[in-house]
Every structure is written in structure tokens, then in C-alpha cells.
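Accompanying notes for the structure given below.
Computed over heavy atoms, backbone and side chain alike; hydrogens, waters and symmetry mates excluded. The shown structure was predicted, so the numbers you read here are calculated from the model rather than taken from an experiment.
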Amino acid sequence: YILCSAALLFVIAFERAFKAYLHGIQPYWKFWGVKIVVSVTYFQWLLFKYGFRLGDEEIYLWHSLTCALEMPVLCILHATYAYPYGKEWVDNLLDELPEGQAA
């Protein structure tokens with residue numbers, strides 16, 4: 001928990017330090033899109049294990065079912081906000097490539 005909190009603080013400090021450069025690629029939703037997926041799956045596993053006190057097999061089955069139901073929703077949010085097709089963040093990344101590397 002302490003290391004995860006420290007890592008979040010470093011990410012925030014990094015984003016603030018390079019705010020002008022990162023503005024074009026919008027890192028906020030990219031970071032939180034991944035963080036939400038990881039956090040949701042971890043905390044629901046804990047909920048099944050300690051909240052409902054299920055056995056290992058039931059935990060695995062319920063965890064798999066909830067992931068199968070919620071991941072499409074999280075993927076749509078991730079694709080809509082973090083990596084929307086045709087937005088300026090792609091152009092900003094391509095502009096930063098050295099000459100001759102753009103496809």
C-alpha cells in the first residue's frame with residue numbers, strides 16, 4: 001500500500017513537471033484507465049475472499065464472471081477517453097518522432 005501510494009505521488013509529480021509537453025497526449029485518462037482495471041479486479045478479489053468468505057474455487061469462478069461482465073464496459077471507457085481514434089494525441093506523438101521513423 002505504501003509503495004503504491006508513493007508510485008501515485010511520483011506519477012502526479014511527473015505529470016506536473018512535464019505538463020506542457022504531456023498536454024497534447026492527455027496522460028490523465030491513459031493512466032487512470034489502466035489503474036481502474038487493475039484496482040477493480042484486485043479489490044473485487046479481496047471482496048470475494050474476505051467479504052463473502054468463499055472457497056478458492058468459488059472465488060475464481062465469481063471473479064472470472066465479474067471480470068467478463070465489467071471488462072467490456074471498462075474497455076469502452078478506455079477506448080473512448082484514453083485512446084480515442086483520430087484525436088490530436090496521435091498527431092502529437094507522431095510529430096515527436098525523429099525524421100524518417102513515421103510510417
Side-chain angles (χ1 to χ4, degrees):
Y1 180 75
I2 293 171
L3 291 176
C4 184
S5 299
L8 288 174
L9 290 174
F10 286 126
V11 167
I12 292 169
F14 179 83
E15 285 186 5
R16 286 189 180 181
F18 294 99
K19 186 177 183 175
Y21 177 75
L22 294 173
H23 177 72
I25 61 172
Q26 303 167 341
Y28 178 82
W29 285 109
K30 290 167 184 55
F31 172 76
W32 286 108
V34 172
K35 184 69 177 159
I36 287 170
V37 169
V38 171
S39 297
V40 164
T41 56
Y42 176 72
F43 285 115
Q44 77 187 15
W45 184 271
L46 290 177
L47 178 69
F48 291 140
K49 183 166 181 92
Y50 298 110
F52 296 122
R53 300 198 182 272
L54 300 174
D56 288 340
E57 188 172 323
E58 288 96 1
I59 291 171
Y60 179 77
L61 292 172
W62 279 105
H63 182 69
S64 298
L65 176 65
T66 55
C67 283
L69 295 174
E70 67 198 12
M71 285 304 145
V73 174
L74 292 174
C75 287
I76 290 169
L77 291 173
H78 194 71
T80 304
Y81 291 104
Y83 296 98
Y85 178 75
K87 297 293 182 177
E88 66 182 43
W89 69 271
V90 176
D91 295 331
N92 287 334
L93 286 177
L94 292 175
D95 289 343
E96 297 297 323
L97 285 175
E99 195 65 37
Q101 282 192 344

Q) How far does CD1 of Ile12 sit from CZ of Phe31, to the nearest 0.5 angstrom? A) 7.5 Å
Q: Please collect all side chain to side chain donor-acceptor pair (under 3.5 Å) contacts where either partner lies in residues 34-49, sequence neighbours excluded, each pair once.
A: Gln44-His63, Gln44-Thr66, Gln44-Glu70
**Q.** CZ-CG distance between Phe48 and Leu61, expressed to the nearest 0.5 angstrom
**A.** 10.5 Å
Q | Gap between atom CZ of Arg53 and atom CD1 of Ile59 - 0.5 Å precision | A | 10.5 Å
**Q.** Where Lys30 and Ala82 come nearest, the two heavy atoms and their spacing
**A.** NZ-O, 2.7 Å
**Q.** Least distance between heavy atoms, Leu69 atom then Pro72 atom
**A.** O-CD, 3.6 Å
Q.
Hydrophobic clusters here meaning ILVMFWY residues chained together by side-chain heavy-atom distances under 4.5 Å, can you tell me if Leu65 and Phe52 are in one?
A. yes
Q) Leu9: which other cluster members, linking ILVMFWY side chains closer than 4.5 Å, directly or transitively? A) none
Q: Would you kindly confirm whether Phe18 and Leu8 end up in one hydrophobic cluster when ILVMFWY residues are joined by side chain heavy atoms under 4.5 Å apart?
A: no
Q) Shared ILVMFWY cluster between Trp29 and Val11, side chains joined below 4.5 angstrom? A) yes
